[in-house]
Amino acid sequence: MAVPMTELPNPAPTGSTPAPAADEARPFGAGPPSAFAPPTPWKRRLQIFGWIVAAGLALLMLIIAWLAVTAPMSRSLQPIAPPSISLMSADGHLVARRGAIIDKPVEVAKLPAHVPQAFMAIEDRRFYDHWGVDPRGIARAMWHNIWSDGSSQGGSTITQQLAKGVFLSSDRTMGRKAREALIAFWLEAWLTKDQILERYLSNVYFGDNVYGLRAASLHYFDRQPERLTISQAAMLAGLLKAPSRLAPTSNLKGARARAALVTQAMVEAGYISKAQRNQLAPARLDVRESPDATSGTYFADWVLPEARDRAGAVYGAQEVKTTLDWRIQRLAEAAIRRAPLGGAQVALVAMKPDGSVVAMIGGKNYEKSSFNRAVQAKRQPGSTFKLFVYLAAFRAGMTPDDMIEDTPITTGTYRPANHGGKYRGRITLRQAFAASSNVAAVRLTQKVGVDNVIKVARDLGVTAPLTEDLSLALGTSEIPLVELAEAYASVAAGAYPVLAHGLPPEEQGWFDRLMKRQRHFSDDQLEMIRDLLSSAANRGTGSAAALRTSTFGKTGTTQDSRDAIFVGYAGGLVTAVWIGNDDNAPLPGGAAGGGVPARIWRNFMAGAINEPVEKVPEEEQDPDLVNAIANVSVETGIGNVGVGMDQGGMTVTIDGNQLRIPSDQPLPLPPQGVPPPRIAPTQPQENEPPQP
């Protein structure tokens, strides 16, 4: 009888393990087995790769759509409009509008080979090899910036720099950089390399308000770009790093140093040989002046170069916000108009303690003279320089109550004198500063050392050359008015240095913030120097500037009244005022810093900080009635005797010991054997520094 096949046993092969039963191989409730075999590992990887590609394409489409909305790429292929810039005040008023010096575009095929090579060597050596963005260049720039000694390199290609100019923005956000990269790819797709280079060279900024290679070649060398030498091309290519700062018309040394870096880069790129580089002579200028060299205001002329640098190559018109305060500027102009200047010139600069300039006047009449005396002129600061002398004394451990001899200096070759030959004997540093004693300042400088006085001046931002002799104490070294304002702003801010600026500061990276951080005065030093500035502005030679609010400042008058200055601060505003003649002739009537400059300062500041100006009777404004100090020096057994008188009473100093007598009490009898002191009925006029 045959056995059914279903009942036949299934013998297992020899040496094999019996297969488990079906109900043992699958757990209960697992469902029927799949009809499809599980994917092999390589198929799984292919699926993941496909998902990534699809996601990337979707993201790319979204980015392109975003770019099309925020910055149409077709715009990058349109003709470039002439650049112009409008400077706006902080409160939205138009300060000045300025066009640019431009000329016809250049054609790469018609230029000598070394001209485009100079630009590629320093800006984008792999220009003909990349697709608009150069990862290798970005990596090299990052490596350099990490390990360099503070100098920085950029990784942007020439194509990216051209793309950046399409958008009227110089911000450094990631969004702008992303658009810049995508437009660079777009430009590379639609234009040839030569066309991109031509657009770049024809529109980039070269300083002096000049845009484009042809205009720059004509401006600096008075020749067409087709005739540029290697040295000239290298100098122009070098300007692109900082066009206004390196412009050879104002910084020929810096422009030539940068040109040397360009020629070295050309050697490294293989464009020229070392022998050719060594035979090159520095480029010589042949400047072709252009009409309309000014922009309409002193402030605009000062701030425009930085605004150009910030904007870079600009397509079309743009507005740049400045720090100028329209209301305060109008108040400054009104105060100057009301001042009895006669034939003298005037300058005023007002800034916040952080250096933000809110008003600037560089002369009486811009149309007659665009020379900016607040920034460009260097004049002797007179006794305003004593700020640095007394700060050096405080750094050395002295205090305002320490005594100093206000007596003639009879030793050495340098023998300065006080104004009018008035000496007060042994007085405190506070009194010496308020009375602006020349001999006291020189004695202090002798004591602390000229080098330490210069160190203080440098710390507070003075960059002008300073004489290394005792006459420095009396302000015989010439300094721009804006640098004096910066120094006094440091005291107002309690930190130094303060740098004057007309544009809002750009956001800095952590490295720049670390390297450029301010240092702070010690609390004691700050309190002491403010004590002296308050004494000088309220009871000393600068009393004509005193406001209701706390006023701090110092007067300055130079030899033969050639310059008269008042610098001070109140109500969160720092202002410096200067009057003088352009030919350095003496001012009529022996003008002093405590006269017209102090009154201009007060009239302007009262309105600027919203403090009403009281009409004080003339006899009370007379500086002769304020803080009269007797010229007494009596040789007796009790020592020197000094007497000071102000509106509140009298101060008697006997060999360093002070006695204060209010005005409602009778004067004490003098010590036996000492004649009654003669009270000089004159305020201490600003001391003139005699010629060393």
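In this structure the side chain of Val577 never reaches within 4.5 angstrom of the side chain of Val349, judged on heavy atoms. Residues Leu481 and Arg379 fail the side-chain proximity criterion, which asks for heavy atoms closer than 4.5 Å. A heavy-atom distance below 4.5 Å is found between the side chains of Phe299 and Thr322. Put simply, the side chain of Val567 does not reach to within 4.5 Å of the side chain of Thr575, judged on heavy atoms. Residues Pro597 and Ile565 are not in side-chain contact: their nearest non-hydrogen atoms beyond the backbone lie 4.5 Å or more apart. At a threshold of 4.5 Å between non-hydrogen side-chain atoms, the residues Gln329 and His93 do not count as touching. Looking at Val450 and Asp469, their side chains never come closer than 4.5 Å, going by heavy atoms from C-beta outward.
A distance-only check finds a donor-acceptor pair linking the side chain of Thr297 to the backbone of Ala300 [under 3.5 Å]. For Asn581 (side chain) and Asp583 (main-chain N/O), no donor-acceptor pair under 3.5 Å exists by modelled atom type. Side chain of Arg599 to backbone of Ala545: no donor-acceptor contact under 3.5 angstrom is found. Put simply, the side chain of Thr445 gets close to the backbone of Ala441: a donor and an acceptor are under 3.5 Å apart. Side-chain N or O atoms of Thr384 include one that pairs as donor or acceptor with a backbone N or O of Pro381 at under 3.5 Å. A donor-acceptor pair under 3.5 Å is formed between the side chain of Gln518 and the backbone N or O of Pro497. Proximity of a side-chain donor or acceptor of Ser437 to a complementary backbone N or O of Ala440 within less than 3.5 Å is detected. Listed for the Thr541 side chain is no donor-acceptor partner under 3.5 Å among the backbone atoms of Thr555. Side-chain atoms of Ser86 do not come within 3.5 Å of backbone N or O of Arg97 as any donor-acceptor pair. Between the Arg327 side chain and the Ala608 main chain, a donor and an acceptor come within less than 3.5 Å of each other.
Here the shortest heavy-atom pairing between Ile609 and Ala570 reads CG2-O, 3.7 Å. The two residues Thr467 and Ser477 make their nearest non-hydrogen contact at N-OG, 2.9 Å. Closest non-hydrogen pair, Ala339 versus Val596, comes out as CB-CG1, 4.4 Å. Looking at every heavy atom in both residues, Ala485 comes nearest to Met351 through CB-CE, 3.7 Å. Here the closest heavy-atom approach between residue Phe394 and residue Ile529 is recorded as CE1-N, 3.7 Å. Trp326 and Leu94 make their closest contact through CZ3-O, 3.5 Å (heavy atoms, listed as atom of the first residue, atom of the second, distance).
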>> Working note: Leu460 + Leu391, criterion side-chain contact (heavy atoms from CB on, under 4.5 Å); need CA distance, chi angles, decisive distance, verdict.
In response: CA-CA 11 Å; Leu460 269 61; Leu391 266 173; 3.8 Å; yes

>> I'd like to know whether Leu474 forms a side-chain contact (heavy atoms from CB on, under 4.5 Å) with Lys386, so could you lay out the CA-CA distance, the side-chain angles of the two residues, the decisive distance to 0.1 Å, and finally the verdict.
In response: CA-CA 7 Å; Leu474 307 185; Lys386 291 173 183 174; 4.1 Å; yes

>> Using salt bridge (Lys or Arg N to Asp or Glu O under 4.0 Å), reason through Glu611 and Arg548 one step at a time and then give a plain yes or no.
In response: CA-CA 8 Å; Glu611 177 179 300; Arg548 289 181 180 178; 5.1 Å; no

> Given the rule in the ring pair (Phe, Tyr, Trp, His ring centres under 6.0 Å) test, do Tyr298 and Tyr366 qualify, once you have shown the distances and angles that lead to the verdict?
Replying inline: CA-CA 7 Å; Tyr298 295 107; Tyr366 180 87; 5.0 Å; yes

> Where do Arg424 and Asn418 land on the side-chain contact (heavy atoms from CB on, under 4.5 Å) test, with the steps shown first?
Replying inline: CA-CA 10 Å; Arg424 300 159 186 86; Asn418 284 351; 3.7 Å; yes

>> With side-chain contact (heavy atoms from CB on, under 4.5 Å) as the criterion, how do Leu526 and Val491 come out once you've worked through the C-alpha distance, each side chain's angles and the decisive distance to 0.1 Å?
In response: CA-CA 7 Å; Leu526 191 60; Val491 179; 4.3 Å; yes

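The CG atom of Leu573 sits 11.0 Å away from the OG atom of Ser356 when rounded to the nearest 0.5 Å. To the nearest 0.5 Å, the span separating OG on Ser471 from CD on Gln559 amounts to 11.5 Å. For the atom pair CZ (Arg562) and CD (Gln380), the distance works out to 9.0 Å, reported to the nearest 0.5 Å. The CD1 atom of Ile454 sits 4.5 Å away from the CD atom of Glu468 when rounded to the nearest 0.5 Å. Here the straight-line distance linking atom CG of Leu466 with atom CG of Leu472 works out to 5.5 Å at 0.5 Å rounding. In this structure, CD in Glu478 is found 10.0 Å from OG1 in Thr558, a value given to the nearest 0.5 Å.
Within the structure, every pair that satisfies the ring-ring contact (aromatic ring centres under 6.0 Å, His included) test and touches residues 591-611, not counting sequence neighbours, is listed here: Phe566-Trp601. For residues 348-371, the set of pairs meeting the salt bridge (charged side-chain N to carboxylate O under 4.0 Å, His left out) definition, not counting sequence neighbours, is empty. Counting only residues at least two apart or on different chains, the salt bridge (charged side-chain N to carboxylate O under 4.0 Å, His left out) pairs with a member in residues 389-403 are Arg395-Asp459, Asp401-Arg430. The ring-ring contact (aromatic ring centres under 6.0 Å, His included) analysis of residues 428-482, with sequence neighbours excluded, yields the pairs Tyr390-Phe433.
For Thr463, the side chain to side chain donor-acceptor pair (under 3.5 Å) criterion is met by Glu483, not counting sequence neighbours. With sequence neighbours left out, Asn452 forms a side chain to side chain contact (heavy atoms under 4.5 Å, CB included) with no residue at all. The side chain to side chain donor-acceptor pair (under 3.5 Å) check on Trp578 picks up Asp563, with sequence neighbours excluded. Under the side chain to side chain contact (heavy atoms under 4.5 Å, CB included) criterion, Ser250 pairs with Ala247, not counting sequence neighbours. With sequence neighbours left out, the side chain to side chain donor-acceptor pair (under 3.5 Å) criterion links Arg330 to Glu333. Listed by chain and residue number, nothing satisfies the salt bridge (Lys or Arg N to Asp or Glu O under 4.0 Å) test with Arg338 (two or more places apart in sequence, or in another chain). Under the rule for a side chain to side chain contact (heavy atoms under 4.5 Å, CB included), the partners of Pro243 that lie at least two apart in sequence or sit in another chain are Tyr205, Asp309. Under the salt bridge (Lys or Arg N to Asp or Glu O under 4.0 Å) criterion, Asp582 pairs with Arg373, not counting sequence neighbours.
There is no side-chain donor-acceptor pair under 3.5 Å between Asp524 and Ser522. Defined by atom type and a distance below 3.5 Å, a donor-acceptor pair is missing between the side-chain atoms of Asn372 and Asp301. Checked by atom type, the side-chain pair Thr323/His501 shows no donor-acceptor distance below 3.5 Å.
A 6.0 Å sphere centred on CG of Asn365 holds more than 12 heavy atoms belonging to other residues, nucleotides or ligands.
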